[in-house]
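Below is one structure, written out as structure tokens; the observations come after it.
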Amino acid sequence: MPDPVLVWFRQDLRLADNPVLAAMTDRPVLPVHVLEEPPGGAAAWWLHHSLAALGRALTERGAPLLLLRGDPRRLIPDLAARIGAAEVHAGRLTEPSARARDAETHAALQAAGRGLVLHRNALLHEPHLVRTGAGNPFSVYTPFSRAVFALLEGLPPPLPAPTHLTLAPGAPEGLPPDALRLLPRPPVPDWAADFPAHWTPGEEGATARLGAFLEHGLAGYADRRNDPAAEWGTSGLSPHLHLGEISPRQVWHAAREKGGKGVETFLKELLWREFSHHLLWHRPEMPTAPLRPEFRAFPWRRDADLLRAWQRGQTGYPIVDAGMRQLWRTGWMHNRVRMIAASFLVKHLLQPWQDGAAWFLDTLVDADLAANSASWQWVAGCGADAAPYFRIFNPVLQGEKFDPDGAYVRRWCPELARLPDRFIHRPYEAPEAVLRGAGVRPGRDYQPPLVDLALGRDRALAAFASIKGGQAA
DNA sequence: AATAGTTTTGG
DNA sequence: CAAAACTAT
């Protein structure tokens with residue numbers, strides 16, 4: 001009998017195209033997941049269901065998933081010792097805390113003569129292996145995407161899922177998924193009540209979502225990806241990719257095989273995800289500190305009331321409010337609307353981007369530290385390859401451009417649904433008779449804007465001007 | 001992955 | 001005089 005192996009599942013909750021499992025042919029395995037800190041609320045809901053789905057799939061293959069809660073630095077080496085595993089295998093992660101944890105776990109394993117083997121499993125290409133011609137990490141997206149595109153020409157095809165696994169003997173009793181307490185419980189109201197109508201966590205759900213997107217969305221992707229009301233405007237794969245229920249390699253190959261219009265545009269979006277992880281790998285401070293140092297002196301005007309109004313979707317700007325409510329109800333927000341809502345918070349309201357990023361991490365089912373941090377820094381203008389500081393989205397113009405008939409706003413802000421197109425993105429300009437005709441009582445059904453757009457814009461520009469003395473690039 | 005204000009164009 | 005082009009932020 002070959003040596004047993006401990007298979008440590010983290011953000012690769014799938015069987016197909018899983019290099020960790022593929023390395024295990026004919027070896028007895030103990031699949032384990034250790035919950036150390038629960039993720040944000042919405043992501044925790046997703047994790048619960050994803051772990052349950054993975055558990056079922058692994059049980060069918062003969063090796064049930066062991067669920068534990070506690071410190072992996074101690075639990076993983078203990079478990080490896082208990083089943084006599086010389087090696088622990090896992091997928092490599094980019095989050096700084098996970099990297100530190102893996103290094104410590106590795107050290108603890110090594111002290112007992114064991115090893116931790118990390119596989120490329122969450123990304124198309126390892127972030128530490130992509131370099132500029134000069135040998136440095138990339139800090140600009142376009143050259144990064146060009147380099148990675150070239151590297152991916154020889155991307156091997158996805159690996160098949162194992163049909164049968166042999167369970168290593170000696171596993172202790174694990175926890176049922178419910179014991180991880182990842183779901184909202186009383187007295188907290190069930191904010192996830194609507195999630196199941198929108199999502200099916202787990203590998204099967206991910207595969208089905210990819211198939212449906214290829215069928216209904218890919219060909220029109222270049223045209224529709226900025227239409228937040230379009231049913232198949234985007235793939236909706238972000239939460240599945242975040243937990244590795246499907247690999248980017250599977251998505252990459254499937255899109256290329258399908259071919260046709262929209263493929264290039266779609267693949268470039270996958271590379272934004274890669275780029276975010278590349279940045280986080282090389283700049284682990286990215287989640288908390290601006291990548292452009294002059295932004296450390298930015299005069300934010302932190303205000304709990306403004307932040308709360310934004311969180312609740314009560315800013316008075318329909319496209320922002322619709323987005324924030326879609327986020328709360330479904331755990332997801334369309335990418336175009338994320339940019340608009342984020343820009344409004346950091347520019348017009350002058351709230352620190354870190355506060356917005358924290359709210360997104362708590363409410364998004366796809367809460368990904370790399371993508372979230374990189375994107376907020378991009379919007380705020382303090383990121384490596386960020387929008388110039390003077391790029392300030394006007395939520396009314398953006399709404400009129402990308403949601404011209406107000407379908408998105410009407411869906412998520414039903415109190416405005418009967419307003420004519422002309423005022424759907426600027427209800428505060430509607431004459432009283434129009435409001436009355438649409439059944440909107442001013443100040444009662446919909447609040448006045450939190451800030452005048454011209455004033456907010458000028459104030460943001462002034463704030464940015466005040467830090468420009470720094471060594472801006 | 002902008003916007004606002006100004007100037008120029010062209011029917 | 002509306003639309004397109006240009007330009008500063």
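In the text below, chain A, chain B and the rest are named by the order of the sequence lines, each starting its count at 1.
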Salt bridge (Lys or Arg N to Asp or Glu O under 4.0 Å): pairs with one or both residues in residues 136-155 of chain A, sequence neighbours excluded: A:E153-A:R256
A:Q398 side-chain N/O to B:dA1 phosphate OP1/OP2 under 4.0 Å: no
side-chain hydrogen bond (donor to acceptor under 3.5 Å, both in side chains) against A:E204, all qualifying residues, sequence neighbours excluded: none
Contacts of A:D303 that satisfy salt bridge (Lys or Arg N to Asp or Glu O under 4.0 Å) - sequence neighbours left out: none
Criterion side chain to side chain contact (heavy atoms under 4.5 Å, CB included) against A:W310, the qualifying member of A:H348, A:M324, A:Q351: A:M324
Nearest-Å distance for atom pair CG/P, residues A:D458 and C:dT9: 13 Å
Rounded interatomic separation in angstrom, taking NZ from A:K401 and C1' from B:dA1: 10 Å
Ion pair A:D366/A:R273, N-O distance below 4.0 Å: no
A:Y317/A:Y428 aromatic ring centres below 6.0 Å: yes
What N/O pairs connect the protein and nucleotides 4-7 of chain B at under 3.5 Å? Give each pair on its own line.
residue	atom	partner	partner atom	Å
B:dA4	OP1	A:N394	ND2	2.9

Interface with DNA chain B, restricted to residues 351-390 of chain A and to heavy atoms under 4.0 Å: A:W378, A:F390
Between B:dA1 (C1') and A:K268 (NZ): distance, integer Å: 13 Å
Working for side chain to side chain contact (heavy atoms under 4.5 Å, CB included), residues A:N335 and A:T234: CA-CA 9 Å; A:N335 179 59; A:T234 66; 5.7 Å; no
Sequence-distant partners of A:D12, salt bridge (Lys or Arg N to Asp or Glu O under 4.0 Å), two or more places apart: none
